[in-house]
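Encoded as structure tokens, the structure appears first; notes follow it.
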Amino acid sequence: LLIKQDPLLWTLAFITQWDVLLLMLYWIAIIGGAIYIASDWKSTQLRSSQHVDFRRKYFHLLVIVMFTPAYFIQPLFLHLGFVVALCAGTFLELFRACKIWPMHPYMDEFFKPFLDARDQGPVILSHIYLLTGCALPVWLSSDPIVLQRLCGILSIGVGDALASTVGKAIGRTKWKDRRKSVEGTCAFVFGVGLSFILLESYLGVNTMHSGVWISIILTALLEAFSDQNDNIVIPLYFFCCLRL
């Protein structure tokens, strides 16, 4: 009703545009390479929390590599891509959780190196949360400001990944009664802030002000003190702070 066209014909016409076709080929290449690299980890026996955390942050890097260029090349396709990815991810997880042959043995084996204490139930939701956290600001923002639309992608792909990596590598000063470190929180603020500055320099705009920095700092503190799943909580909280 909104586009006043047949949805199937509109979709076919849209995905056959050259920029969309090139973007799809780029995504296929990235996903194929990522699966090949991740599959090789199945043979390793390193199950320490540090190695598992590193492997999980590998997907956060993919978020940056896949979704940030897509926003600037074809933002409408990014909207559609998130819908398709979430539907596919949900159905695949249903196949795995319900042990539907022939998918579930391969998926169980693939996911095993990436599981931690948050994925002990029958359903693994971290990857669904990761996609949802990246997609919601893109879907919800009606404002053309780049910061709001990309806040989910950058807060998870850059901020959360840096906070975890730096915190485990050099974090010495722990927050009171928390496992997270002050160094990791500072890395979150620095990484997200620098990413926004670089993106705005590329676009030739300047919307960074004190309110944005306060939002970044508050989100970094939430990452340090929250026990909820970072992949869904952090992007939504950051988006709400930027909207105020």
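Residue numbers start at 1 and run along the sequence shown.
Counting only heavy atoms from C-beta outward, the side chains of Ile31 and Met66 approach each other to under 4.5 Å. Within the 4.5 Å cutoff, side-chain heavy atoms of Asn229 are placed close to those of Ser126. His127 is not listed as a side-chain neighbour of Asn231, based on a closest heavy-atom distance of 4.5 Å or more. Side chains of Phe67 and Val138 form no contact here, defined as non-hydrogen atoms less than 4.5 Å apart. Residues Met24 and Ile15 meet the side-chain proximity criterion, which asks for heavy atoms closer than 4.5 Å. Taking 4.5 Å as the limit, every side-chain heavy atom of Tyr71 sits out of range of all side-chain heavy atoms of Ile153. The shortest distance between side-chain heavy atoms of Ile232 and Ile128 does not fall below 4.5 Å.
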- Task: Run the numbers on Phe188 and Ile234 for side-chain contact (heavy atoms from CB on, under 4.5 Å), then give the verdict.
- Result: CA-CA 12 Å; Phe188 185 110; Ile234 288 176; 4.2 Å; yes
- Task: Check the pair Phe72, Leu199 against side-chain contact (heavy atoms from CB on, under 4.5 Å), reporting the backbone distance first and the verdict last.
- Result: CA-CA 10 Å; Phe72 294 104; Leu199 285 175; 3.7 Å; yes
- Task: In sequence, state the C-alpha distance, the side-chain angles, and the governing distance for Leu218 and Phe238, and then conclude on side-chain contact (heavy atoms from CB on, under 4.5 Å).
- Result: CA-CA 8 Å; Leu218 290 175; Phe238 193 22; over 6 Å; no
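If you run side chain to side chain contact (heavy atoms under 4.5 Å, CB included) between Val158 and each of Ile64, Thr68, Leu61, only Ile64 comes through.
The hydrophobic cluster containing Leu62 also contains Ile37, counting ILVMFWY residues as joined when their side-chain heavy atoms lie under 4.5 angstrom apart, directly or transitively. Criterion: ILVMFWY side-chain heavy atoms under 4.5 Å apart, direct or through other members. Under it, Ile30 and Leu80 are part of a common hydrophobic cluster.
Applying the 6.0 Å contact sphere to OH of Tyr26 captures more than 12 heavy atoms from other residues, nucleotides or ligands.
Listed here is the closest heavy atom pair of Leu86 and Trp139: CD1-CH2, 3.3 Å. The two residues Arg178 and Asp227 have their closest heavy-atom pair at NH2-OD1, 2.7 Å.
Between Phe196 and Trp213, the distance separating the two ring centers is not shorter than 6.0 angstrom.
A tilted orientation is assigned to the rings of Phe95 and Phe91, their planes being inclined by 30° to 60°.
In terms of modelled atom types and a separation under 3.5 Å, the side chain of Thr165 and the main chain of Leu162 share no donor-acceptor contact. With hydrogens and angles disregarded, a donor-acceptor distance shorter than 3.5 Å links the side chain of Arg149 to the backbone of Ser141.
Within the structure, every pair that satisfies the side chain to side chain donor-acceptor pair (under 3.5 Å) test and touches residues 180-197, not counting sequence neighbours, is listed here: Thr173-Glu183, Trp175-Thr185, Lys180-Glu223.
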